[in-house]
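Encoded as structure tokens, the structure appears first; notes follow it.
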Amino acid sequence: MKQLSPLVRDWRKNRWVYLMMVPVAAYFILFKYIPMGYLAMSFYDFKLLRGFSGSKFVGLKHYVNFFSSSSFPTLLVNTVVFNFWAIIVQSLAPIVLALLLNEVRKPGLKKAMQTISFLPYFVSTVVIVSMLNNFLSPSTGMLNNLRKSMGLETVYYLGLPQYFRGVNYITGVWQMMGWNSVVYISALTAVDQEMYEAAMVDGASRLQRLWHITVPSIRMTIAIMLTLQVGNLFAANVEKVLLLQNDLNLSVSELLPTFVYKQGLVNGKYSYATAAGLFTSVVSCLLVVLANWGAKKISSSEMGVF
């Protein structure tokens with residue numbers, strides 16, 4: 001009987017696992033890698049029906065127009081400020097939640113709290129925005145009804161620029177905190193329990209054990225997750241921002257991703273939008289590399305995302 005090669009044996013043994021990977025591979029090929037070829041349209045006055053052969057090559061024209069436009073500084077500042085604080089707030093909340101859940105000693109209560117914190121993640125962004133519109137409505141919203149009962153004036157929270165970021169941060173924490181804490185909870189299960197026992201023998205309090213054992217044990221996980229989050233510094237939650245955006249808060253809610261969406265899909269300026277989108281992607285890539293280097297330096301380790 002002919003002996004099968006290791007590759008064939010591995011395929012037969014794990015064929016169902018490989019088949020499950022096919023949709024994932026197809027998704028990345030169709031929507032991530034093939035579109036990269038169309039980044040070249042940023043160097044053309046691209047006409048959709050004519051293609052590259054029928055479109056005029058203009059070089060760096062769209063990049064020059066984008067960088068010299070009066071809206072570029074505002075877009076850049078809004079995007080950096082909005083996403084920087086979003087990363088800080090929404091990265092810190094899952095860590096705190098994981099640390100608090102790790103201190104819960106009753107398994108049933110711990111699982112119940114985890115389940116409750118996970119549920120908002122499965123709520124559609126459209127539904128969340130609808131809930132916000134009802135909750136923050138200046139006429140019928142629960143929050144403004146409370147203000148009326150206290151003799152205060154109503155506030156249109158979604159129409160005032162100073163409240164736009166805060167509303168996004170709070171709802172983002174509520175929606176993503178439980179789901180993002182899964183990684184940290186998993187990392188905490190690998191912490192050696194003997195270290196806690198030794199610390200208790202030495203008289204360390206619960207807060208001291210938390211600060212000197214628990215937090216250092218997951219610092220590499222924190223560094224890696226922060227590195228990945230930095231990559232999203234220029235990639236805001238476009239769907240949520242667009243749904244909450246209106247003419248009154250446009251001064252702080254117009255970000256690079258929403259600008260690219262409007263220029264490309266709404267106004268049909270494909271080449272101009274591609275140039276702006278490519279700039280965003282390149283900067284995001286550089287930030288990931290820089291954050292990865294910083295994580296290695298801070299941790300004095302070679303461990304990183306790559």
Side-chain angles (χ1 to χ4, degrees), residues 10 13-14 17 20-21 24 83-123 166 168-233 235 237 284-306:
D10 181 68
K13 181 180 179 181
N14 301 298
V17 176
M20 290 174 63
M21 293 170 61
V24 179
N83 287 287
F84 174 79
W85 288 110
I87 289 174
I88 297 298
V89 175
Q90 295 178 18
S91 296
L92 183 61
I95 298 171
V96 173
L97 177 62
L99 293 174
L100 292 175
L101 288 175
N102 189 58
E103 296 299 316
V104 177
R105 294 294 174 250
K106 294 183 179 180
L109 178 61
K110 185 175 183 177
K111 289 180 180 179
M113 293 175 67
Q114 279 185 266
T115 303
I116 293 171
S117 66
F118 289 169
L119 290 178
Y121 175 78
F122 300 99
V123 180
N168 271 275
Y169 299 155
I170 293 171
T171 54
V173 169
W174 175 75
Q175 184 180 17
M176 302 298 298
M177 178 173 62
W179 181 261
N180 290 339
S181 67
V182 173
V183 177
Y184 301 109
I185 293 172
S186 300
L188 288 171
T189 59
V191 179
D192 189 357
Q193 297 300 311
E194 292 184 357
M195 291 193 296
Y196 290 110
E197 295 172 2
M200 292 174 65
V201 171
D202 291 338
S205 65
R206 176 171 288 190
L207 184 60
Q208 288 174 325
R209 296 196 299 270
L210 174 68
W211 185 252
H212 295 287
I213 298 177
T214 308
V215 174
S217 297
I218 63 170
R219 72 176 187 275
M220 282 310 306
T221 303
I222 295 173
I224 292 173
M225 293 301 293
L226 282 176
T227 300
L228 295 175
Q229 287 290 331
V230 168
N232 294 322
L233 186 64
N237 187 341
S284 297
C285 181
L286 293 175
L287 287 173
V288 170
V289 174
L290 183 62
N292 186 73
W293 175 82
K296 289 181 178 180
K297 289 294 183 180
I298 293 173
S299 62
S300 300
S301 170
E302 290 300 317
M303 185 176 179
V305 177
F306 49 85

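Numbering of residues begins at 1 and proceeds along the displayed sequence.
A distance of 13.0 Å separates CD1 of Ile218 from CD1 of Ile213, quoted to the nearest 0.5 Å. Taken from CG in Leu188 to CG in Leu99, the straight-line distance is 6.0 Å, to the nearest 0.5 Å. The line from CE of Met176 to CZ of Phe118 is 11.5 Å long, rounded to the nearest 0.5 Å. Atom CG in Asn292 sits 9.0 Å away from atom CG in Leu228 (nearest 0.5 Å). With rounding to the nearest 0.5 Å, the separation of CG in Leu119 from CH2 in Trp174 is 9.0 Å. Within the model, atoms CD of Gln229 and CD1 of Ile222 stand 12.5 Å from one another, a figure rounded to the nearest 0.5 Å.
Summarising the geometry of Pro216 relative to Leu210, their closest heavy-atom pair is CD-O, 4.5 Å, with the distance given to 0.1 Å. Contact detail for Val24 and Met20: the closest heavy-atom pair is CG2-O, 4.3 Å.
Each side-chain hydrogen bond (donor to acceptor under 3.5 Å, both in side chains) pair with one or both residues in residues 198-211, not counting sequence neighbours, appears once here: Glu103-Arg206, Ser205-Gln208. Residues in residues 175-196 take part in these side-chain hydrogen bond (donor to acceptor under 3.5 Å, both in side chains) pairs, two or more places apart or across chains: Tyr196-Thr214.
Every residue two or more places apart in sequence or in another chain that forms a side-chain contact (heavy atoms from CB on, under 4.5 Å) with Leu287 is listed here: Val230, Leu233, Phe234, Val283. Looking at residues two or more places apart in sequence or on another chain, you find a side-chain contact (heavy atoms from CB on, under 4.5 Å) between Val183 and Thr221, Met225. In this structure Ser91 satisfies the side-chain hydrogen bond (donor to acceptor under 3.5 Å, both in side chains) test with no other residue, sequence neighbours excluded.
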List the atom pairs, donor and acceptor, that lie under 3.5 Å between side-chain atoms in residues 105-115 and the rest of the protein, sequence neighbours left out.
| unit_1 | atom_1 | unit_2 | atom_2 | d |
| --- | --- | --- | --- | --- |
| Arg105 | NH1 | Asn102 | O | 2.8 |
| Thr115 | OG1 | Lys111 | O | 2.9 |

